Structures are given as structure tokens and as C-alpha cells.
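Presented below is the structure to which this report refers.
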2 protein chains.
Amino acid sequence: METRLKDAGYRITQSRRAVLRALEGGPAHVSAAQVLALGRKTCKTLSRASVYRTLEALEATGALRALPSPDGRVYVRVTDGHHHLVCQGCGDVQDFDGCALCNAWAPVAEAEGFSVAGHLLEVFGLCKSCREEEVVHVSEGSERS
Amino acid sequence: METRLKDAGYRITQSRRAVLRALEGGPAHVSAAQVLALGRKTCKTLSRASVYRTLEALEATGALRALPSPDGRVYVRVTDGHHHLVCQGCGDVQDFDGCALCNAWAPVAEAEGFSVAGHLLEVFGLCKSCREEEVVHVSEGSERS
DNA sequence: CGCTTAAAGAGACTGTGTCTCGATAAGTAT
DNA sequence: ATACTTATCGAGACACAGTCTCTTTAAGCG
């Protein structure tokens, strides 16, 4: 990611490096606040504005993608797959393959006059281990869809 | 929607009615702020808190779905879909159909031990009108991906 | 080593969403 | 109809995300 920034003409600074480390070390989906907190471990004076600026720069180079989530914006590395299994139990995110199928709905989008640049698929549910726990708790009043 | 609320045990008030009218009259994707503005036309004293409360109630009854967008949360009547064409030019979001294909990768996810509860598909690109504008600007120094 | 300028940090500002609290009115019983 | 109970109201405080501006700093060049 660092070389990517550099090649795009951005300077490599302490703050930027701190953000990059935070992104590499952190979870697959991170919020700006998390990046700030993680980044401060490397660069103590890291500011919120710098985090947003760097995130924006990374997005511009295509190394990162911002996507809306129920709790504000989260950032995802694009080197990671763009098909995610998001566990609603533990919050864990794993990738899965399925790009062959992706090309199937590109024509649908293009029929609407839309030119497709990319896509993101989020599948929500419960991962294996959370599912096993769920069995223990039986149906303990979960009213959500 | 009104009967739906009533049946669920909610009282029908002036404020609630104002919100319902706003939802029915407004665009397919509306923000809470838009609902507030539209609702004030019917009920001048409508407050932000009431909007959120009503929106929450409607979500609980299943008449509405909240979904994250780049500019905060937006609300969609559940009759509308969960496959989005997100325009990177103007930020507009439109739905498209494609649920038949969705069932194709559910087995892939389940092979990983994942139980699927729902999904969200975001296709990024440029909408028709933004595409036409793009042609006018030709390659006018846009370094963005 | 010094210059130029992109990028930094600090903090003000805006907007969204949540929460509390006393006041109000919806629905029910009288 | 009228009174009562209590869900709901509006107002405003609060917390937080994200943006913006301004002055200072340091990255990368010669």
C-alpha cells in the first residue's frame, strides 16, 4: 500500500505510515475511529483529520474502499476479496470466492444505463462457531429479522 | 402502513401520520432529515426525536428497512429491493433486481459453515447521466480510479 | 543543507442520531 | 361526553462522525 501511495505522488509521512500499519494490523472492516486509535500507537500525535486525509488518499489510489455500514463508514482493503461473510454474532469477516457469478448481474446493471466499475457483496449471517453457541441459547428472544 | 402500526399496538398520532405521509410522498430512499422536512409540512411542530421514534417503530413492524449509505442512514420501504447501483459520480442509489442470482452463492457461503440471514449487493459505477457528463469532460485530469 | 510545498495537528463547526424530561394528547373506561 | 392512564410528544442537551480552516512542520527535492 505504501508504494502505491508513493507512486501516486503522495508523500510518505509518519502519520501515513501509522495509518497504513493500523489498516494492516487491524480487522478487515475498520472504522475511521478505530484507525485513529490503532494509529496512535505508532504515531502519538496522529490527528483525526490526517486519518481521514490518508483514508481518502488510499481510496483515491484504489487500495481501499469505503463502504457504509450500520455504524458509520467502514474501510476495507481492496486486496482482500470483495465478497464478505459478515458474522452478526462475533463481527468477524471472512472472504469467499464467487466472482464467476458476479459477471452475471453486470448486464442487468448495464441495461439500466449504468457502467459498472466494481462491486461488493456482503452476506450477513452467523459463522460456524457462533451458530453452535446459538444452539445452546436456544430461541432466547431475538426479535430481529 | 398506518394499519400496520396500529395492529402492532402503536398509537396513531399527528406526528406519526406526518411521517407516514412523508414516506409515501417522498423518494424511494429517504434520510431522516428529509422525512423531518417533509413531515413538517403536515405537522409543523414535528420533532427530530419523533421522526426517529416513528422510523424505528416502522422498522420494528417490518414496513421499513434502514440501510447505511455514504451520507448516513437512509430508509427504504421494504417493497423496494436490496441490490443497489451506487453512482460514484452523483452518489445516487437505485435498486435493481437480481435475487434469482443471489441464491446461487448462498450454497458457497454455507459450505463454509455459515448460515445466511441476508445480504447486500452494492454495484459501483457511473449512472447514465453522470456517464454522459464524463464524456463531455473527456479526460480532464481525473486521476481517480 | 536549505527550499518549497504537501501534509501535519489543533480545534472550530456542521450534521446525525440518542437520550432525558416535563408536557400533551390518544385510546379506554366510566 | 368526561376523566384517566400512559404512550408519545417537543425541546433541548449530549455524543460522535466527518469536514474545514489555519498555522506549523517536515518530506523530498535540488
Side-chain angles (χ1 to χ4, degrees), chain A residues 1-22 26 29-61 64-75, chain B residues 1-22 26 29-61 64-76 91 141 143:
Chain A
M1 285 208 274
E2 191 172 319
T3 46
R4 201 151 178 175
L5 268 188
K6 206 165 188 173
D7 290 350
Y10 293 97
R11 290 185 183 173
I12 303 306
T13 66
Q14 294 307 313
S15 307
R16 298 240 158 108
R17 234 189 277 269
V19 170
L20 293 179
R21 285 202 198 146
H29 286 65
V30 273
S31 66
Q34 283 176 299
V35 172
L36 178 59
L38 287 168
R40 283 233 165 111
K41 289 182 185 171
T42 310
C43 175
K44 286 181 91 164
T45 60
L46 182 63
S47 74
R48 206 150 29 115
S50 294
V51 169
Y52 282 106
R53 279 187 286 238
T54 305
L55 255 18
E56 193 185 354
L58 285 167
E59 222 189 325
T61 65
L64 210 61
R65 166 149 290 155
L67 59 101
S69 91
D71 330 281
R73 209 173 295 170
V74 290
Y75 295 85
Chain B
M1 285 208 273
E2 190 172 320
T3 46
R4 200 151 179 174
L5 268 188
K6 204 166 190 172
D7 291 350
Y10 293 98
R11 290 185 183 172
I12 303 306
T13 66
Q14 295 307 313
S15 307
R16 297 237 160 110
R17 234 189 276 270
V19 170
L20 293 179
R21 284 200 199 149
H29 287 66
V30 272
S31 66
Q34 282 177 300
V35 172
L36 178 59
L38 288 168
R40 283 232 166 111
K41 289 182 183 171
T42 310
C43 176
K44 285 181 89 163
T45 61
L46 181 63
S47 73
R48 207 152 29 115
S50 295
V51 170
Y52 282 106
R53 280 187 285 239
T54 305
L55 254 19
E56 193 185 355
L58 284 167
E59 221 187 325
T61 65
L64 211 63
R65 167 154 294 153
L67 57 99
S69 91
D71 330 282
R73 210 174 295 170
V74 290
Y75 294 86
V76 200
E143 308 295 316

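Chain A is the first sequence line, chain B the second, and so forth, proteins listed ahead of strands; every chain is numbered from 1. On a predicted model such as this, the values are computed, not experimentally measured, just so you know.
- Looking at heavy atoms from C-beta onward, Tyr10(B) lies in side-chain contact with Thr61(B) at the 4.5 angstrom threshold.
- Arg48(A) contributes no side-chain N or O that, together with a main-chain N or O of Leu36(A), makes up a donor-acceptor pair within less than 3.5 Å.
- Map Tyr75(B) and Leu46(A) each onto its nearest nucleotide of DNA chain C; the residue landing nearer the 5' end is Leu46(A).
- Glu59(B) has no carboxylate O lying under 4.0 Å from a charged side-chain N of Arg65(B), or vice versa, which leaves the two without a salt bridge.
- Between the side chain of Ser50(A) and the backbone N or O of Leu46(A), no donor-acceptor pair lies under 3.5 Å.
- Taking every nucleotide of DNA chain D with any atom under 4.0 Å from a non-hydrogen atom of chain A, the first and last of them, 5' to 3', are dA17(D) to dG28(D).
- The shortest non-hydrogen separation linking Cys43(B) to Gln14(B) is CB-O, 4.4 Å.
- Counting heavy atoms from C-beta outward, Leu20(B) and Leu58(B) have side chains that approach closer than 4.5 Å.
- Computed from coordinates, the Leu5(B) CG to dA26(C) P distance equals 15 Å when rounded to whole Å.
- For the segment residues 10-22 of chain B, residues with any heavy atom less than 4.0 angstrom from an atom of DNA chain D are, sorted by number, Tyr10(B), Arg11(B), Thr13(B), Ser15(B), Arg16(B).
- Heavy-atom minimum distance, Thr45(A) versus Arg40(A): C-NE, 4.5 Å.
- In plain terms, the two heavy atoms of Ala57(A) and Leu5(A) that are nearest each other are CB-CD2, 4.0 Å.
- Atoms CG (Leu36(A)) and P (dG9(C)) sit 10 Å apart, rounded to a whole Å.
- What separates CD of Gln34(B) from P of dG15(C) is a distance of 14 Å, to the nearest Å.
- Remark: Ser47(B), Arg48(B), Ala49(B), Ser50(B), Arg53(B) in residues 47-57 of chain B come within less than 4.0 Å of DNA chain D through at least one heavy atom.
- With a 4.5 Å cut-off on side-chain heavy atoms, Leu64(A) and Leu55(A) count as touching.
- In this structure, Thr42(B) and Arg17(B) have side chains that are not in contact, with every pair of non-hydrogen atoms separated by 4.5 Å or more.
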